[in-house]
> 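There's a structure below that I have some questions on.
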Amino acid sequence: MSAGDAPTPVVELRQAALTYPGTPPVQALLPCDLSIHRGDLLTVVGPSGAGKSTFLNVLGLLDIPTAGTYLLDGIDVGELRDGERTTIRGRKIGFVFQFFHLLPHRPAWENVALALAYQGIPSRQRQSLAHEALEKVGLAHRLHSMPTKLSGGERQRVAIARALVGRPSLLLCDEPTGNLDTMNAEAILCLLDELNRSGVTIVVITHDSSVARHGRRSVGIKDGVMTELVQI
Ligand code: ADP
Ligand code: MG
């Protein structure tokens, strides 16, 4: 990159679209253009069935656009073989889901350390990185707790630590507060804000417009059509 060039966006979608095959096919994401830059906090809001998870699956390399182009950190993901895509997903993407998806009978630190299992990091270092990530999400006192003994809010913190421990380029959250009470939901949103201020690039998918207001930037999605929303 020469002086004066804009930095490469983390995400660049150019007329990217996704149609699920079938009879009839489902056009879940219509062609959209979108750039997400390092340090952005983007919320994507829309009703159920709007195409939010489809969009997240595309960003997270779980689905490949059936039309258009997706560049992740400048890499055209449509050009990759399956194995390469899996490797890049593991290195560059952290996922957080509504229902946490933790291993119930492994302590918090192990749930987090397991995310590093395939990265060739020695086990002692995996453990210390897991501890660090759990400290960052406010769970230094719960390293050895089993998920079954943790509250919903704490479980989601473990899931966030797991998503971040490998220092991904992009943190993707699909309805991260959808299974939490108002107070825990608020605390998780504050944590995401804080992580974003420390430099993590985050996309939060939600059907809840009060959650959407946490974004520095919001897009709406309805019937597969994405539109930029003006922040009030
Ligand atoms: P949201 O997350 O906003 O609720 P989705 O992205 O899950 O919406 O779904 C968008 C549309 O795509 C819906 O009409 C849904 O029924 C359809 N859809 C989702 N996944 C598939 C699939 N694997 N095959 C066919 N249609 C799908
Ligand atoms: Mg969904």
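Note that the numbering runs from 1 along the sequence shown for the chain. Indexing begins at 1, ligand by ligand and atom by atom, following the structure's order. What you see is a predicted model; the values in this text were computed from it and never measured.
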> Can you pull out every salt bridge (Lys or Arg N to Asp or Glu O under 4.0 Å) where at least one residue sits in residues 153-168? Sequence neighbours excluded, please.
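Only R142-E154 qualify under salt bridge (Lys or Arg N to Asp or Glu O under 4.0 Å).
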> Testing the basics here: between T66 and T19, what is the closest heavy-atom pair and its distance to 0.1 Å?
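For T66 versus T19, the nearest heavy atoms are OG1-N, 2.9 Å.
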> Report the residues that fulfil side chain to side chain contact (heavy atoms under 4.5 Å, CB included) with R91, sequence neighbours left out, ordered by chain and then residue number.
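For R91, the residues satisfying side chain to side chain contact (heavy atoms under 4.5 Å, CB included) (neighbours in sequence not counted) are T87.
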> Could you tell me, for ligand 1, which of its N or O atoms are under 3.5 Å from any protein N or O, listing the pairs and their distances rounded to 0.1 Å?
| unit_1 | atom_1 | unit_2 | atom_2 | d |
| --- | --- | --- | --- | --- |
| ligand 1 | 2 (O) | S53 | N | 2.9 |
| ligand 1 | 2 (O) | S53 | OG | 2.9 |
| ligand 1 | 3 (O) | A50 | N | 3.1 |
| ligand 1 | 3 (O) | G51 | N | 3.0 |
| ligand 1 | 3 (O) | K52 | N | 2.9 |
| ligand 1 | 3 (O) | K52 | NZ | 2.9 |
| ligand 1 | 4 (O) | G49 | N | 2.6 |
| ligand 1 | 6 (O) | S53 | N | 3.4 |
| ligand 1 | 6 (O) | T54 | N | 2.9 |
| ligand 1 | 6 (O) | T54 | OG1 | 2.6 |
| ligand 1 | 8 (O) | G51 | N | 3.2 |

> I'd like to know if the side chain of D40 pairs up with that of T201 as donor and acceptor (distance under 3.5 Å, no hydrogens or angles considered).
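No, T201 and D40 have no side-chain donor paired with an acceptor closer than 3.5 Å.
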> For the Mg ion (ligand 2), what is the number of protein N, O or S atoms at a distance under 2.8 Å?
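Count of protein N, O, S atoms less than 2.8 Å from the Mg ion (ligand 2): 1.
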> Do side-chain atoms of N111 reach the backbone of R106 as a donor and acceptor pair under 3.5 angstrom?
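Yes, N111 side chain to R106 backbone: donor-acceptor pair under 3.5 Å.
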> Counting only heavy atoms not in Q27, do more than 12 sit closer than 6.0 Å to its CD atom?
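Incorrect, the count does not exceed 12.
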> In this structure, which one of L72, V10, I93, L13 forms a side-chain contact (heavy atoms from CB on, under 4.5 Å) with L59?
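The single option meeting the side-chain contact (heavy atoms from CB on, under 4.5 Å) with L59 is L13.
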> At what distance, to the nearest 0.5 angstrom, does OG1 of T43 lie from CZ of R216?
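If I round to the nearest 0.5 Å, the distance is 12.0 Å.
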> In a check of side-chain contact (heavy atoms from CB on, under 4.5 Å) between L139 and each of V158, V112, I160, which one passes?
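Result for side-chain contact (heavy atoms from CB on, under 4.5 Å) with L139: V158.
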